[in-house]
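Structure first, commentary second.
Here is the naming used below: chain letters follow the sequence lines, and residue numbers restart at 1 for every chain. Bear in mind the structure is a predicted one, so any value in this text is a computation, not a measurement.
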Amino acid sequence: MEDFNPIKIEEKWRKKWEEEKRWEVDIENAENPYYNLMMFPYPSAEGLHIGNVYAFTGSDVHGRYMRMQGYDVFEPIGFDAFGIHSENFAIKQGMHPRDLIKKSTDNFRRQLKKTGNIYAWDHEVNTTHPKYYKWTQWLFLQLYKAGLAYHKEAPVQWCPSCMTVLANEQVIQGKCERCDSVVESKKLRQWFFKITDYADKLLDNLQEIDWSERTKIAQHNWIGKSIGYKLEFPVSKTDFSITTFTTRPDTLFGATYVVLSPEHHLVDQLKDKIENWDEVAKYIEDAKKKPQSEKLKEDREKTGVQLKGVNAVNPANKDEIPIFVADYVLVEYGTGAIMAVPAHDQRDFDFAVKYHMPIRPVVVPENDEQAKEITKNTQAYEGQGKLINSGPFDGLNSEEAKEKIGEHVEGEQDVHYHLRDWLISRQRYWGPPIPIIFCENCRKNQNEDAEEGIDWTTIEDTEYAVHPVPEKDLPVELPYVEDYKPKGKGTSPLAAVDEFVNVKCPECGEGAIRETDVSDTFLDSAWYFLRYPSINVESKPWDGKLNDKWLPVDAYIGGQEHAVLHLMYARFITMFLHDQGALKFEEPFKKFRAHGLLIKEGAKISKSRGNIVNPDEFFDHFGADTVRTYLMFLSPFEQGGDWRDEGIRGVHRFFGRVWGLVQKLDEEAKTNETVEQELHKTIKKVTEDIERLHYNTAIASMMTFLNTLYDNSHTKEDIKTLLILLTPFAPFITEELWEQLGEEGSVHDQEWPKFDPEKAKDDVITIPVQINGKVRAEIEVERGLSKEELEKAAMGDEKVKESMEGKEVKKIIVVPDKIVNIVV
RNA sequence: GGGCGAGUGGUGGAAUUGGUAUACACGGCGGACUUAAAAUCCGUGGCAAAUUGCCGUGAGGGUUCGAGUCCCUCCUCGCCCACCA
């Protein structure tokens, strides 16, 4: 009898599998392709996080299961190694990002190979490799040529301490995530992708894809479609008119003032008429200076200033109402101006109370009691109801009134989205250079008359023609720059590299300059899944035939934190490529499931908490099988798990017992009935639970089955079935024991066991007998007894008779095969 | 403020359409084995108790023969978004 030594076993098989390239699929000829994708990691210098192991294992269990269902599973892996994360860490370490990334990916690869996942290592993607980012740049050019990439001056978030622009996701409540400094707003020329062109498609397609509901809802909310009306408020005694956007035209009669955002263009145009211009100008100046964090503060008091000397006209009742400038109205949303209805919008209400504006209720609930309450004006009523104080529209339902009032004042139906265009330029070093050349000479020679349609831009007061880098010149390689740190001048460190910046214009051949910004990391990851199958194709981003075979992705697993960013961008890019005729599908991921967050003892795992779990330690001590199975045993995969160091011992013991079972196998023994029934039940449970990613209960039922095998006479076949069921979770020990049982071939090539639904049911079942809803007895009966038989059996039971003594039966509820309840 | 989700033993968590609450594990305690320890195996929701009884799924109410599950009111926690008109 051999001792159970998981480390030795795993080394043996790992080596063998690596030599055989055991998990590679025939990418060209696979008959049943199944693309099992996991969000590729950012290779942090600290090494693989236990949370990564958790996520990857969950995906791999699914992949291995599908493999045993007869699919040719392609499970690739790669590294999302560009980006500010890596760069910041490199700066901290005083190491060049390129060197650091090389080191980190090597370490990641070493750790990933320990996990026992069926990765297609021959298809590894690395976003920082010129052979990869050549096509990221190509993608940029396609978007540019299609008119979906544009250049515009826009405010960005700027950290004065780090002296750099920050990505939106690096700004936490108005502060820099690294140094906690308050972020400022700064205007810079930027590249944007017109993702908003796809807002409706991104929204509508959600209905057709098999994704976790919460992820779909997150995307739905992020796109944030609001349907409403554009309403005009003329400025009295002028030719100007203020265009407002509202989703509640039904409350128009309650609009008692109008608010412009401080950046609104009309403020300047009305300058001559405004009597308190100095005051207004000062307010606007202050508002611009106000840091982002101040604006985001939760209970921040609203401020504003009235434009004295001018009034707007409410188009519904022709009332002259005041105009304010206030920074609670955002220039970037809607029209940058609102009609304020204090009675029915809490924000307007707060403002109205402070500045003594009238509050006129125009919508009240149908219920009169509640209606009385509303008219007391203690807070805004934002619900639906019937109209009052609205002239000819009184009594109408607010829903109907929307359209009627909207039409009455000749408003224009209008739609707005929360989704904004995707800002993709970064003034940093560690990313793919944006493949654009600016030529001053070409701009000078552009025919003034033909200005339309020719793309040009202004950089530091000089006009340039904008040229895409010719595709034959791709990739625009990121030079190895010694001083790669951000300089804080609003430009990338690449701007200081003359050899990079100065270039011959591809059109006129004269001296020109390159765009020095790099693109957002999210662009790298927005298309990587298209590259995996075609990683060895040099002449194009992907091979059409391979693409047809493997894409779209069959199953995608990743973190909920990417619900809006990455997943939205990937969908947008796919839709765009589809419209270009480059892809046959619009949606990249047929099925998506978000895994939960792994925590430790109730707390988030983080360096600052000092509760880091080092996966290497556990791999080396217990082996990958145990780590994998323990992680999956914690809780439902989509819910997340709570890691405890001690808990892993239970799974270790379990495998010790599985091992022991094989060691003391009695070849002569026969299966008894209990084992047979339990076997079919277990197959059913494990299969169903793996399908719905409830790995924890799948494992629990295998533990139960193991206990049954220990307690009952069983055969080698029974053990073999258990091993097969365990394979997706524990690929090493199952293979080893398969070999020890003297079986041909590999456990991994076995067909997934099938269960007989009849045998998965017990023949004799225990039925509880309740009296007045309390369990008083249990009776053993055959399955399938009729109501009458069951009632008879229950009434005949000794315990039941005892409890019933001297009582009168009022009613008996009998649910066959379930329960008997006697009411007395 | 908005959206989403969750509250079950000391802990992680189980529980088809409403049908024996706490499966499977961890830890603690007790026991077996051992010279002893480790490992292994068995028992263990709480309170009282000879057999047994009562109480128990965040709180309160309701529907039902029967509620962790359905309905209403409330409380707490987590995540995401946030002055989006």
Legend entry - Side-chain-base donor-acceptor pair under 3.5 Å for A/K818 and B/U20: no

Give me the distance, rounded to whole Å, that separates [N] from [M] when you measure between the [atom1] atoms they each carry.
N	M	atom1	answer
B/G56	B/U22	P	16 Å
B/C33	B/G27	P	23 Å
B/C75	B/G9	C1'	22 Å
B/A67	B/U16	C1'	16 Å
B/U11	B/A59	P	15 Å
B/A14	B/U64	C1'	25 Å
B/A49	B/A39	C1'	37 Å
B/C72	B/G3	P	16 Å

Report yes if at least one side-chain N or O of [X] is closer than 4.0 Å to OP1 or OP2 of [N]; otherwise report no.
X	N	answer
A/R653	B/C41	no
A/R214	B/C80	no
A/N821	B/G18	no
A/R649	B/G27	yes

Contact class for [X] vs. all strands (heavy atom < 4.0 Å): base, sugar-phosphate, or nothing?
X	value
A/V823	sugar-phosphate
A/V564	nothing
A/R420	base
A/G224	nothing
A/F633	base
A/L634	sugar-phosphate
A/S226	sugar-phosphate

For residues [X] and [Y], is any side-chain donor paired with an opposing acceptor at under 3.5 Å?
X	Y	result
A/D350	A/Y328	no
A/T244	A/Y229	no
A/N696	A/H694	no

For [Y] together with [X], are the ring centres under 6.0 Å from each other?
X	Y	answer
A/W422	A/F192	no
A/Y257	A/Y355	no
A/F622	A/H652	yes

Legend entry - Dot-bracket notation for RNA chain B, counting Watson-Crick and G-U pairs under 3.5 Å, with | for partners on another strand: (((((((..(((......[....))).(((((.......)))))((((...))))..(((((..]....))))))))))))....

Closest approach to the side chain of [X], judged atom by atom: which nucleotide of [options] is it?
X	options	result
A/W222	B/C81, B/G12, B/U20	B/C81
A/Q770	B/A85, B/C24, B/U20	B/U20
A/T247	B/C4, B/A85, B/G19	B/A85
A/K604	B/C79, B/G12, B/A15	B/C79
A/E646	B/G19, B/G27, B/A85	B/G27
A/R644	B/A25, B/A85, B/U11	B/U11
A/M703	B/A25, B/G19, B/A85	B/A25
A/R692	B/G19, B/A15, B/C65	B/A15
A/N221	B/G3, B/A15, B/C65	B/G3
A/L330	B/A85, B/G19, B/C81	B/A85

Legend entry - Test salt bridge (Lys or Arg N to Asp or Glu O under 4.0 Å) applied to A/K402 and A/E399, step by step: CA-CA 6 Å; A/K402 279 184 183 172; A/E399 209 39 55; 3.6 Å; yes

Inset, instruction - Please work out which of the three classes, parallel, tilted or perpendicular, describes the rings of A/Y381 and A/H344, given edges at 30° and 60°. - result: perpendicular

Separation of atom [atom1] in [X] from atom [atom2] in [N], rounded to whole Å:
X	N	atom1	atom2	value
A/N707	B/C42	CG	P	8 Å
A/K216	B/C4	NZ	P	15 Å
A/F618	B/C26	CZ	C1'	14 Å
A/H418	B/A85	NE2	P	9 Å
A/Y417	B/C81	OH	C1'	20 Å
A/I648	B/G12	CD1	C1'	14 Å
A/E678	B/A23	CD	P	15 Å
A/I605	B/G12	CD1	P	15 Å

Legend entry - Whether A/N712 side chain and A/T708 backbone form a donor-acceptor pair below 3.5 Å: yes

Legend entry - Check: A/T196 side chain, A/D421 main-chain N or O, donor-acceptor pair, under 3.5 Å: no

Inset, instruction - Could you tell me whether A/R214 atom CZ has more than 12 heavy atoms of other residues or ligands within 6.0 Å of it? - result: no

Inset, instruction - Could you check if the base of B/G53 is syn or anti? Syn means the glycosidic torsion is within 90 degrees of 0. - result: anti

Inset, instruction - Take A/H694 and A/A700, find for each the nucleotide of RNA chain B with the closest heavy atom, and name the residue whose nucleotide sits nearer the 5' end. - result: A/H694

